[in-house]
Amino acid sequence: MNRIVSKEHFSPHVVKLEVEAPLIARSRKAGHFVIVRVGEQGERIPLTIASADTSRGTITLVVQAVGRSSKKLCALDEGDAVTDVVGPLGQATHIERVGTVVCAGGGVGVAPLLPIVEAFHKAGNRVIVVLAARTKDLIILEDRMRACSDEVIIMTDDGSYGTKGLVTQGVESVIQRESVNLCVTIGPAVMMKFVAALTKKYEIPTVASLNTIMVDGTGMCGACRVTVGGRTKFVCVDGPEFDAHQVDFDEMMMRLRSYKEEEQK
Ligand SMILES: Cc1cc2nc3c(=O)[nH]c(=O)nc-3n(C[C@H](O)[C@H](O)[C@H](O)COP(=O)(O)OP(=O)(O)OC[C@H]3O[C@@H](n4cnc5c(N)ncnc54)[C@H](O)[C@@H]3O)c2cc1C
Ligand code: FES
């Protein structure tokens, strides 16, 4: 059991939870994630460790309520306990000073993108964030992103906020005005697929953090498998970050739809 020591709402559907986990706090690096379970009957879901405080023995999670398990977690309060927290898992993000980094996020990817934006900015990069959503109400973490980047570009499909258009148009507007050394993208697979296709055209190295279905998160089952450069990789141990130009996003999308009906129950 891991106690929640503080809770803050970032928006109606996004909460920040500081959870007691001293051993994880001590060994985590940026990019690592945990697998959590809420309740004895709960399922295991992966969440990025947004930050850690070794003196308090805590890790911070930024959770977006999208389905049953994430809603259950977001409903917990300060003083409540998370049944299981396993980690740190995965490979740490490769953070270095490369120059200008464009971070493109949308939907489920915006919460896990936040610590990556923070880390690249702290490493001395010029960081431009492109946040995309269907409509104004679905744009989240804008203020947090502004606080740790050089610029935030908002794109909405319906033009209700920021610039009307897709995430790729936002990314391309930056590429056309200045030189971009690296692109990082997290969001729905279809979004990452089109960001990767765009940056390939301009030969800009691109990293995608893949949010596949996971079960154990330790490399034992292959539920999280993807094809990268023609080879099978397990996102939980080999990733979650991969060269976006090598990822088979069509296969990833097909696998993500596997439990659509059960998820809606
Ligand atoms: C390595 C890793 C790190 C992650 N870090 C974070 C994080 O820091 N914060 C955070 O809020 N979420 C994060 N996620 C996503 C999180 O694990 C899912 O949102 C969660 O598992 C959803 O479970 P659920 O039961 O609430 O929703 P479900 O009932 O499983 O899903 C509801 C709907 O949400 C959408 N959805 C759910 N999960 C995903 C997904 N992984 N990719 C695309 N669409 C999805 C689908 O449309 C689905 O139908 C991460 C995922 C991975 C693999
Ligand atoms: S989740 Fe089981 S191997 Fe990755």
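Counting convention: from 1, in listed order, for ligands and their atoms alike. Throughout, residue positions are numbered sequentially from 1 according to the sequence presented.
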Lys/Arg N to Asp/Glu carboxylate O, K7 vs D77, below 4.0 Å: yes
Lys/Arg N to Asp/Glu carboxylate O, D250 vs K193, below 4.0 Å: yes
R225/E251 ion pair, N-O < 4.0 Å: no
Part of L61 with heavy atoms under 4.0 Å of ligand 1, whether side chain, backbone, both or neither: neither
More than 12 heavy atoms of other groups within 6.0 Å of R134 CZ: no
Nitrogen or oxygen of K71 less than 3.5 angstrom from that of ligand 1: no
Element-labelled atoms of ligand 1 that are located less than 4.0 Å from some non-hydrogen atom of S70: 24 (P), 26 (O)
Options L210, V34, V63, V62, ranked by nearest heavy atom to atom 9 (N) of ligand 1, top entry: V62
With I128, the side chain to side chain contact (heavy atoms under 4.5 Å, CB included) member among V171, V117, V152, V174: V174
G67, any N or O under 3.5 Å of ligand 1 N or O: yes
Interfacing atoms of ligand 1 (cut-off 4.0 Å, heavy-atom, M214): 1 (C), 53 (C)
Approximate separation, where rounding is to 0.5 Å, of N2 CG and T58 OG1: 11.5 Å
Test side-chain contact (heavy atoms from CB on, under 4.5 Å) applied to I49 and I24, step by step: CA-CA 9 Å; I49 304 170; I24 301 175; 3.8 Å; yes
Between T48 and H32, a side-chain donor and acceptor under 3.5 Å: no
Proximity flag K72 to ligand 1, non-hydrogen atoms under 4.0 Å: no
Residue portion contacting ligand 2 (non-hydrogen atoms closer than 4.0 Å) for R225: neither
Atoms in ligand 1 with a heavy atom of N211 nearer than 4.0 Å: 40 (C), 41 (N), 42 (N), 51 (C), 53 (C)
Residue and atom name of the nearest protein heavy atom (relative to atom 3 (S) of ligand 2), distance in Å to one decimal: G222 N, 3.0 Å
Where ligand 1 meets S69 - atom numbers and elements under 4.0 angstrom, heavy-atom basis: 24 (P), 25 (O), 26 (O)
Ligand 1 atoms in contact with T48 (distance to a heavy atom under 4.0 Å): 3 (C), 4 (C), 5 (N), 6 (C), 7 (C), 8 (O)
Angular separation of SG (C236) and SG (C224) seen from atom 4 (Fe) of ligand 2, to 10°: 110°
Under-4.0 Å heavy-atom contact with ligand 1, by part of T212 that carries it: backbone
Contact check: P46 vs ligand 1, nitrogen or oxygen atoms, below 3.5 angstrom: yes
Backbone or side-chain N or O of P240 under 3.5 Å from ligand 1 N or O: no
Heavy atom of the protein closest to atom 2 (Fe) of ligand 2 (residue, atom name, distance): D216 OD1, 2.0 Å
Atom 2 (Fe) of ligand 2 to nearest N/O/S of C221 below 2.8 Å: yes
For E43, atoms of ligand 1 separated by under 4.0 Å from a heavy atom: 25 (O)
Presence of salt bridge, E151 and R177, under 4.0 angstrom: yes
